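Heads up, the thing below is written out as structure tokens.
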Protein chains: 2
Amino acid sequence: MRVSAGTPRKRASPIADDGDEFHFCSTCAFSAACLDSGYGKPELRELHVLVEHIGPFKEGEHIFREGDEFNAIAAVRGGTVKTYVNDLEGREQVQGFFLPGEVIGLSAISQGRYPCNAVALDSVVLCRFSFPTMAALAARMPGLQAQLFRLLSQDIGKAALLAGNYSADERMAAFLISLSRRYAARGFSATRFQLTMTRTDIANYLRLAAESVSRVFRRFQDDGLIRVERRDLELLDRPRMEELARSVLRE
Amino acid sequence: MRVSAGTPRKRASPIADDGDEFHFCSTCAFSAACLDSGYGKPELRELHVLVEHIGPFKEGEHIFREGDEFNAIAAVRGGTVKTYVNDLEGREQVQGFFLPGEVIGLSAISQGRYPCNAVALDSVVLCRFSFPTMAALAARMPGLQAQLFRLLSQDIGKAALLAGNYSADERMAAFLISLSRRYAARGFSATRFQLTMTRTDIANYLRLAAESVSRVFRRFQDDGLIRVERRDLELLDRPRMEELARSVLRE
DNA sequence: GCAGCACCTTGATCTGAATCAATTGAGAGT
DNA sequence: ACTCTCAATTGATTCAGATCAAGGTGCTGC
């Protein structure tokens with residue numbers, strides 16, 4: 001079985017060592033759409049051909065950069081990816097953090113070029129999907145097309161979240177609840193996890209100063225909402241945190 | 001020629017009065033994708049069947065409301081549409097203004113329900129597209145599928161624009177330049193146009209207080225950047241305005 | 001060990017925009 | 001003309017969070 005030629009990166013694991021067995025990685029955002037849709041071997045085989053497992057990327061290594069030609073989207077299999085742009089004064093604007101199971105690169109479709117940078121915050125492995133091939137395949141697999149539409153549409157909504165004018169506390173609460181839920185959805189603890197990003201990254205994401213992030217953490221800790229030590233975070237009072245985040249997350 | 005049954009609204013103009021001639025409205029976001037793709041009559045006829053010209057909606061009339069079941073997207077043919085949500089304190093958060101040629105409803109795909117309200121700011125007419133039918137058709141018309149992906153991806157980027165933390169002046173400049181360009185793209189004047197929305201709408205869109213909008217307008221006028229009287233706006237110094245907007249629009 | 005460094009915290013001060021408050025202006029209806 | 005109402009302006013004051021400034025803390029490498 002051959003793999004479509006992509007960017008020349010070392011492959012972390014072969015897609016299929018044996019001749020006939022197909023492996024879908026459980027974290028991959030498309031596996032459900034593909035397995036559920038009851039397609040025969042030809043389609044599944046074709047899908048495999050367009051998938052490429054890449055990585056690992058080391059901490060600080062870039063996955064793509066602003067202006068790079070777009071030809072593939074990728075699902076995170078492990079690690080955390082940060083996307084960002086630099087504004088004209090050189091300050092970093094973090095657009096998002098992507099955990100296992102989440103898809104990066106969707107905003108590049110319209111331009112044909114990546115509109116932002118993507119960097120690994122820790123050791124990152126990805127599933128890479130050639131977009132042209134995927135689009136062609138989507139034409140024959142309604143489930144896949146629907147999944148693509150859904151993912152794209154979701155991201156429009158997500159981007160609107162951090163657009164509102166909320167207080168530093170509300171933004172931070174929403175950020176922590178969001179992380180908690182996303183980790184929980186992947187089977188990790190919902191109440192205790194590592195912050196894989198720096199305080200500055202969080203600040204740039206929430207449109208706050210790094211000092212403000214520090215102060216909010218202190219306030220939350222003094223109020224018994226969290227326990228935070230360096231990158232290790234524990235949610236002590238999830239209900240109260242949800243309540244704080246409510247207005248941002250619109251529930 | 002029959003029109004697929006949609007929401008029971010009066011149709012502004014028949015899609016095709018005669019038996020064989022096809023009319024694409026020039027403002028419709030999909031017309032180019034369809035006409036360019038060199039498809040035969042069967043496909044074009046099918047596309048027509050899923051299009052419905054609806055309206056006019058009167059000022060203040062709602063096109064859809066948050067929570068409504070999603071079954072169609074729509075391209076604005078005339079007028080201005082505002083989309084918004086109410087936050088938990090009842091304050092209105094304006095998500096966008098849609099001018100002729102622009103598409104509303106895309107963020108609803110992922111949920112199957114509209115996540116926001118859409119209201120007419122003046123007299124509005126739309127092209128309505130049944131989304132399920134459109135998705136099915138997209139499977140056979142790669143140009144249409146690509147156009148849909150492009151539109152969705154574009155909106156992700158747009159939403160990120162107003163997310164940055166910019167000054168009131170920068171936000172306003174970016175807003176005015178954006179309006180100017182979008183009007184110009186449709187053949188209207190790039191330097192003089194009507195603000196179809198209230199100051200409060202602008203404020204809620206730019207995440208400012210209405211008073212701040214008023215003050216920015218005053219400042220811009222005193223600086224000779226614009227002339228604004230009631231809803232009538234003229235850009236007097238476009239280059240300087242572009243410069244102000246530069247950091248927001250990322251150029 | 002300790003030097004170097006990046007990350008983080010804490011305190012003092014400053015500031016842009018929000019809020020509060022009052023007035024003016026324009027259209028719609030009578 | 002007149003009132004009613006909603007939109008818009010203008011000024012005074014307040015406040016959340018930025019910025020400035022000065023340590024602290026825990027790595028990594030020598």
Side-chain angles (χ1 to χ4, degrees), chain A residues 58-60 80 82 87 89-94 119 121-122 162-175 194-223 226-233 244 247-248, chain B residues 58-60 80 82 87 89-94 119 121-122 162-175 194-223 226-233 244 247-248:
Chain A
K58 292 195 299 287
E59 180 188 335
T80 315
K82 169 180 85 172
D87 68 15
E89 290 87 51
R91 279 179 307 222
E92 190 173 298
Q93 291 197 359
V94 174
V119 66
L121 292 184
D122 45 17
L162 81 155
N165 55 339
Y166 301 103
S167 71
D169 286 13
E170 289 174 318
R171 299 175 103 84
M172 177 63 82
F175 173 65
Q194 291 297 116
L195 297 171
T196 50
M197 64 298 286
T198 68
R199 302 287 195 266
T200 302
D201 285 337
I202 299 174
N204 291 339
Y205 177 64
L206 299 178
R207 279 71 174 119
L208 298 173
E211 292 94 327
S212 295
V213 169
S214 203
R215 282 185 246 269
V216 173
F217 273 148
R218 164 129 310 284
R219 205 151 356 109
F220 279 7
Q221 185 151 296
D222 291 349
D223 286 3
I226 59 170
R227 196 191 53 70
V228 60
E229 193 176 336
R230 204 122 176 97
R231 300 290 181 91
D232 183 51
L233 189 132
L244 259 176
S247 53
V248 182
Chain B
K58 293 194 298 288
E59 179 188 335
T80 315
K82 170 181 84 173
D87 67 14
E89 290 87 49
R91 278 179 306 223
E92 190 172 299
Q93 290 198 1
V94 175
V119 66
L121 292 184
D122 45 18
L162 80 155
N165 55 340
Y166 300 104
S167 71
D169 286 12
E170 289 174 316
R171 299 174 105 83
M172 178 63 81
F175 173 64
Q194 292 295 118
L195 297 170
T196 49
M197 64 296 286
T198 67
R199 303 288 195 266
T200 303
D201 285 337
I202 299 174
N204 291 339
Y205 177 64
L206 299 178
R207 280 70 174 115
L208 297 173
E211 293 93 327
S212 295
V213 169
S214 203
R215 283 186 245 270
V216 173
F217 273 148
R218 164 130 309 285
R219 205 153 354 108
F220 279 7
Q221 186 151 294
D222 291 349
D223 286 3
I226 59 171
R227 196 191 54 68
V228 60
E229 192 176 337
R230 205 111 179 103
R231 300 289 180 91
D232 183 52
L233 189 131
L244 259 176
S247 53
V248 182

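If you're wondering where the values come from, they're calculated on a predicted model, not measured in any experiment. In what follows, chains are A, B, ... by sequence order, proteins preceding strands, each numbered from 1.
Protein atom CG of B/Asp232 is 16 Å distant from nucleotide atom C1' of D/dA8, rounded to whole Å. Protein atom CD of B/Glu89 is 16 Å distant from nucleotide atom P of C/dA18, rounded to whole Å. Between the C1' atom of C/dG16 and the OH atom of B/Tyr166 lies a distance of 17 Å, rounded to the nearest Å. In this structure, CD of A/Glu229 is placed 19 Å from P of D/dG24, rounded to the nearest angstrom. The distance from atom CZ of A/Arg219 to atom C1' of C/dT9 is 14 Å, rounded to the nearest whole Å. To the nearest angstrom, P of D/dA8 lies 14 Å from CD of B/Gln221. Atom pair B/Asn165:CG and C/dT15:P shows a separation of 18 Å (rounding to whole Å applied). Remark: P of C/dG16 and CE of B/Met172 are 17 Å apart, rounded to the nearest angstrom.
Under a 4.0 Å N-O distance rule, the pair A/Arg219/A/Asp223 does not qualify as a salt bridge.
The stretch residues 207-218 of chain A touches DNA chain C through A/Glu211, A/Ser214, A/Arg215, A/Arg218, each having a heavy atom within less than 4.0 Å of the strand.
For the helix from C/dG1-D/dC30 to C/dT30-D/dA1, the axis fitted to the five pairs at one end and the axis fitted to the five pairs at the other end meet at an angle of 40° (nearest 10 degrees).
Here the closest non-hydrogen pair linking B/Arg207 and B/Val94 is NH1-O, 3.1 Å. Residues A/Leu162 and A/Arg171 come closest through the heavy atom pair O-NH2, 3.1 Å. When every heavy atom of A/Thr198 is checked against every heavy atom of A/Arg231, the shortest pair comes out as CG2-NH2, 3.4 Å.
Remark: B/Arg199 is in phosphate contact with D/dT9, judged by side-chain N or O atoms under 4.0 Å from OP1 or OP2.
With sequence neighbours left out, B/Tyr205 forms a ring pair (Phe, Tyr, Trp, His ring centres under 6.0 Å) with B/Phe97, B/Phe175.
Using a distance-only test at 3.5 Å, with no hydrogens or angles considered, no donor-acceptor pair links the side chain of B/Asn204 to the main chain of B/Gln93. Distance alone, capped at 3.5 Å, is enough to place a donor-acceptor pair between the A/Arg199 side chain and the A/Arg230 backbone.
With the nearest nucleotide of DNA chain D identified for both A/Arg230 and A/Asp169, A/Asp169 has the one nearer the 5' end.
You'll find the side chain of A/Glu229 reaches within 4.5 Å of the side chain of A/Arg227, heavy atoms only. Side-chain contact between B/Leu195 and B/Phe217: present, with at least one pair of heavy atoms (C-beta onward) separated by less than 4.5 Å.
At a threshold of 4.0 angstrom between heavy atoms, the contacts of A/Arg231 are confined to the sugar-phosphate backbone, with no base atom among them.
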